[in-house]
Protein chains: 2
Amino acid sequence: MSVKQRLLAAGVTLLHEQGLAALTQPRIAKAAGVSQSHLTYYFPTRNELLLAIAEQSVNDALTRQLGSPEADPAQALAAAMRFLPRVRMLLGLVAAADQEPSLREAVSRLVDHVRQSIAQLLSHLGYAPEAPQVLVFHAAIVGLAVMNLGRQSPQSEAELAVGLRQLLALLPHPTAPGSPAP
Amino acid sequence: MSVKQRLLAAGVTLLHEQGLAALTQPRIAKAAGVSQSHLTYYFPTRNELLLAIAEQSVNDALTRQLGSPEADPAQALAAAMRFLPRVRMLLGLVAAADQEPSLREAVSRLVDHVRQSIAQLLSHLGYAPEAPQVLVFHAAIVGLAVMNLGRQSPQSEAELAVGLRQLLALLPHPTAPGSPAP
DNA sequence: ATACTGTTTGGTAACTCTACCAAGATTTGG
DNA sequence: CCAAATCTTGGTAGAGTTACCAAACAGTAT
């Protein structure tokens with residue numbers, strides 16, 4: 001494993017576990033087992049580092065998400081919302097992109113990919129939603145996950161399940177697999 | 001206006017315009033026109049300061065939101081999603097609460113209040129949604145706003161309008177249609 | 001061997017941030 | 001009017017951060 005990969009892996013882990021504020025050069029370098037000054041050899045500025053970590057994190061999440069054919073897609077969605085490290089990572093990404101316009105393209109790609117996999121998941125469930133429905137489905141999942149991260153209470157946990165159930169109820173017939181859309 | 005109020009107002013402004021990372025004692029003190037050391041007189045620790053600013057910000061947003069009987073509630077919702085300073089503030093609050101459990105109660109109160117006002121807005125529109133529908137409505141609005149903050153692109157702006165329209169279409173018929181569909 | 005290229009390290013300058021302290025300035029209560 | 005409480009400031013210790021630099025190191029081609 002190259003030093004560069006070790007650095008990126010350490011950065012992703014840090015971003016997952018402690019959020020954007022903990023993503024500093026000394027901590028990443030220490031976690032990767034190299035000197036801090038050596039990190040700047042690979043990533044001269046903090047923005048380059050952040051961009052590389054963001055893309056790595058995005059790729060990780062997508063391959064993990066797309067690479068696993070879930071037994072129950074609805075369960076997979078629920079688990080994804082409950083998985084705080086990823087929500088934390090995404091929140092950090094959004095906050096960083098808000099302040100650093102060069103990151104927004106990466107965020108856009110991530111949003112598109114996630115939405116595509118949500119559409120795929122829904123079609124596996126027997127739904128055939130149109131684009132606007134996938135949009136609100138995606139948005140609602142993001143919103144539920146964010147509101148859970150900020151509260152981390154029994155109530156917010158419960159809302160994840162209730163919200164998901166309600167979302168599925170809003171879509172066209174669940175019991176008719178392969179049902180065509182108008 | 002007392003010094004304490006000036007400090008809180010400056011903190012809210014900073015949180016709105018530059019996000020959580022910019023919320024430091026020196027900057028708030030400078031914006032409020034007092035010495036930095038004096039800030040610690042009122043707020044000995046950073047967490048106390050952050051909590052006070054968060055609650056002030058929450059109260060501001062709610063009173064402004066609830067205090068104005070909007071001509072068109074749907075327009076108000078669209079405007080709220082597009083208002084980046086508030087989204088930025090909420091994102092910072094969530095991130096802070098994620099790392100600082102003592103903030104989560106304030107976030108919970110905020111979430112409840114916002115959801116209540118959304119329900120009120122929807123009933124003004126002629127809808128009579130049940131609780132789970134308000135939940136997904138709220139979640140979708142949060143998600144749309146967050147995804148827009150992280151991209152700030154023409155596409156994300158467009159999704160705000162499309163998503164809102166789709167959300168309203170998912171709810172039961174308006175019993176008193178005040179405005180014809182565009 | 002020698003020169004060249006890329007890797008790695010320790011050290012550090014310059015900056016920012018939080019928290020504290022001693023000492024004035026101002027207001028308030030008796 | 002005076003004393004006590006409250007407010008306010010400059011200064012600073014100590015920790016953390018980014019970014020840079022000179023120098024040691026390793027491999028590879030000449």
Side-chain angles (χ1 to χ4, degrees), chain A residues 1-57 88-89 92-93 95-103, chain B residues 1-57 88-89 92-93 95-103:
Chain A
M1 202 179 196
S2 77
V3 172
K4 207 164 183 173
Q5 285 174 320
R6 281 216 316 273
L7 284 170
L8 290 180
V12 170
T13 300
L14 218 54
L15 191 53
H16 275 199
E17 293 179 353
Q18 305 198 46
L20 185 65
L23 204 68
T24 69
Q25 288 181 350
R27 296 188 208 192
I28 298 172
K30 188 177 179 183
V34 302
S35 72
Q36 177 266 330
S37 49
H38 190 41
L39 198 158
T40 64
Y41 171 78
Y42 281 109
F43 306 101
T45 74
R46 187 178 191 265
N47 280 338
E48 294 183 42
L49 171 64
L50 187 58
L51 183 62
I53 290 179
E55 290 195 329
Q56 171 84 1
S57 174
R88 196 171 285 129
M89 179 263 291
L93 232 71
D98 175 34
Q99 312 250 316
E100 187 59 47
S102 61
L103 287 173
Chain B
M1 204 181 197
S2 79
V3 172
K4 207 165 183 173
Q5 285 174 320
R6 280 215 317 272
L7 285 170
L8 289 179
V12 170
T13 300
L14 218 53
L15 191 54
H16 275 200
E17 294 180 353
Q18 305 198 48
L20 185 66
L23 203 69
T24 69
Q25 288 181 350
R27 297 188 208 191
I28 299 171
K30 188 176 177 185
V34 302
S35 72
Q36 177 267 329
S37 50
H38 190 41
L39 197 158
T40 65
Y41 171 78
Y42 281 108
F43 306 101
T45 75
R46 186 179 192 264
N47 280 338
E48 294 184 43
L49 171 64
L50 186 58
L51 185 61
I53 290 180
E55 292 194 327
Q56 172 82 4
S57 175
R88 194 171 287 130
M89 179 263 292
L93 232 71
D98 175 34
Q99 311 252 318
E100 187 59 48
S102 61
L103 287 173

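Chain A is the first sequence line, chain B the second, and so forth, proteins listed ahead of strands; every chain is numbered from 1.
- Atoms CZ and CG, on B/Arg27 and B/Leu39 in that order, are 13.5 Å from each other to the nearest 0.5 Å.
- Distance alone, capped at 3.5 Å, places no donor-acceptor pair between the B/Arg88 side chain and the B/Gly19 backbone.
- Taken residue by residue, residues 5-21 of chain A places no heavy atom nearer than 4.0 Å to DNA chain D.
- With B/Gln56 contributing its side chain and B/Ala9 its backbone, the two residues share no donor-acceptor pair below 3.5 Å.
- Residues A/Ala32 and A/Leu7 come closest through the heavy atom pair CB-CD2, 3.6 Å.
- In this entry the distance linking CG of B/Leu49 with C1' of C/dC20 reads 16 Å, nearest Å.
- Which of D/dT17, D/dT9, C/dT18 sits closest to the side chain of A/Thr24 comes down to D/dT17.
- You'll find the side chain of B/Leu49 stays beyond 4.5 Å of the side chain of B/Leu23, heavy atoms only.
- B/Gln25 places no side-chain N or O within 3.5 Å of a backbone atom of B/Arg46 that could act as its donor or acceptor partner.
- Distance CD1 (A/Ile28) to C1' (D/dA19): 15 Å, rounded to an integer number of Å.
- Spacing between atom NZ of B/Lys4 and atom C1' of D/dT6 amounts to 13 Å, rounded to whole angstrom units.
- Of all the heavy atoms in A/Gln36 and A/Ala29, the pair that sits closest is CA-CB, 3.6 Å.
- Separating the CD atom of A/Gln25 from the C1' atom of C/dT12 is a distance of 14 Å, rounded to the nearest angstrom.
- Of all the residues in residues 36-47 of chain A, A/Ser37, A/His38, A/Tyr41, A/Tyr42 reach under 4.0 Å from DNA chain C with at least one non-hydrogen atom.
- Phosphate contact (OP1/OP2 of D/dG16, side-chain N/O of A/Arg27, threshold under 4.0 Å): absent.
- The shortest side-chain heavy-atom distance between B/Leu8 and B/Tyr42 does not fall under the 4.5 Å cut-off.
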